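If you're wondering where the values come from, they're calculated on a predicted model, not measured in any experiment.
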Amino acid sequence: MDQSAAVWLVLLAAVAAANLPYFSERVLFFGPLQSPKSVAWRLLELVLLALACLGLGFALEARIGQRQPQGWEFYAAAACLFVTLGFPGFVWRYLRRGRHAD
């Protein structure tokens with residue numbers, strides 16, 4: 001896999017993972033159904049999926065070549081990007097109006 005394909009794979013995985021907590025009513029995706037699921041569970045899922053995407057990126061970087069050390073700035077920017085990518089799911093879950101709302 002070349003570098004460009006790896007970047008696109010990580011970005012697509014991040015978009016899917018950032019929106020997944022908002023579309024599932026199961027606790028940690030495999031647990032019992034909770035309707036409605038609390039915000040704390042959704043935030044925990046968001047953090048776990050962000051770490052999974054970060055791990056995928058690190059694995060692909062190590063496979064392509066030598067993995068570069070990162071400072072705190074990288075992790076802060078990655079967290080902000082991940083939260084931003086999850087905005088469509090957040091809007092769908094919390095900000096859309098219901099059919100019967102006027």
Side-chain angles (χ1 to χ4, degrees):
M1 176 181 298
D2 66 333
Q3 186 176 3
S4 179
V7 168
W8 281 107
L9 177 66
V10 171
L11 283 175
L12 289 174
V15 167
N19 287 294
L20 190 60
Y22 301 110
F23 293 109
S24 172
E25 289 299 324
R26 292 194 176 272
V27 174
L28 295 176
F29 311 112
F30 300 109
L33 228 86
Q34 281 190 347
S35 186
K37 187 167 50 171
S38 71
V39 175
W41 279 116
R42 292 191 199 279
L43 289 175
L44 176 65
E45 291 172 354
L46 200 64
V47 168
L48 292 175
L49 287 169
L51 292 174
C53 285
L54 196 61
L56 174 66
F58 286 161
L60 289 175
E61 184 181 15
R63 186 170 185 252
I64 291 171
Q66 183 177 2
R67 203 171 86 67
Q68 299 296 316
Q70 305 293 340
W72 69 269
E73 297 93 347
F74 171 79
Y75 297 107
C80 291
L81 177 64
F82 196 79
V83 169
T84 302
L85 290 175
F87 185 70
F90 178 83
V91 168
W92 185 81
R93 171 60 59 193
Y94 294 110
L95 301 180
R96 70 183 169 110
R97 296 184 76 178
R99 289 185 184 186
H100 303 293
D102 289 307

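Look at Glu45 and Arg26 and you find no salt bridge, because none of the NZ, NE, NH1 or NH2 atoms lies under 4.0 Å from a carboxylate O.
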Exercise for the section: Please lay out, stage by stage, how Trp92 and Asn19 fare under the test side chain to side chain contact (heavy atoms under 4.5 Å, CB included). Expected result: CA-CA 10 Å; Trp92 185 81; Asn19 287 294; over 6 Å; no
Exercise for the section: Go through the steps for Leu11 and Val7 under the test side chain to side chain contact (heavy atoms under 4.5 Å, CB included), then give the verdict. Expected result: CA-CA 6 Å; Leu11 283 175; Val7 168; 4.1 Å; yes
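For the pair Arg42 (side chain) and Pro21 (backbone), a donor-acceptor distance under 3.5 Å is present. Judged by distance alone, the side chain of Thr84 and the main-chain N or O of Cys80 form a donor-acceptor pair under 3.5 Å.
Atom-to-atom distance recorded for Leu9:CG and Cys53:SG is 9.5 Å, nearest 0.5 angstrom. Taking CG of Leu46 as the start and CG of Leu20 as the end, the distance is 10.0 Å to the nearest 0.5 Å.
A perpendicular orientation is assigned to the rings of Tyr22 and Phe90, their planes being inclined by more than 60° (bins at 30° and 60°).
There is a path of hydrophobic side-chain contacts, each under 4.5 Å, that joins Val91 to Leu43. Under the 4.5 Å side-chain heavy-atom criterion for grouping Ile, Leu, Val, Met, Phe, Trp and Tyr, Val39 is not connected to Leu33 through any hydrophobic cluster. Cluster annotation: Leu49 is connected to Phe87 through the hydrophobic network of ILVMFWY side chains, with a link wherever side-chain heavy atoms come within less than 4.5 Å. Residues Ile64 and Leu54 are members of separate hydrophobic clusters, defined by side-chain heavy-atom contacts under 4.5 angstrom among Ile, Leu, Val, Met, Phe, Trp and Tyr. Cluster membership check: Leu28 does not share its hydrophobic cluster with Val47, using side-chain heavy-atom separations under 4.5 Å among Ile, Leu, Val, Met, Phe, Trp and Tyr.
Counting non-hydrogen atoms of neighbouring residues, nucleotides and ligands closer than 6.0 angstrom, the CZ atom of Phe30 reaches no more than 12 such neighbours.
Taking all atoms of both residues into account, the shortest heavy-atom contact from Gly57 to Val10 is CA-CG2, 3.8 Å. The two atoms that bring Lys37 and Glu25 nearest to each other are N-OE1, 3.1 Å, heavy atoms only.
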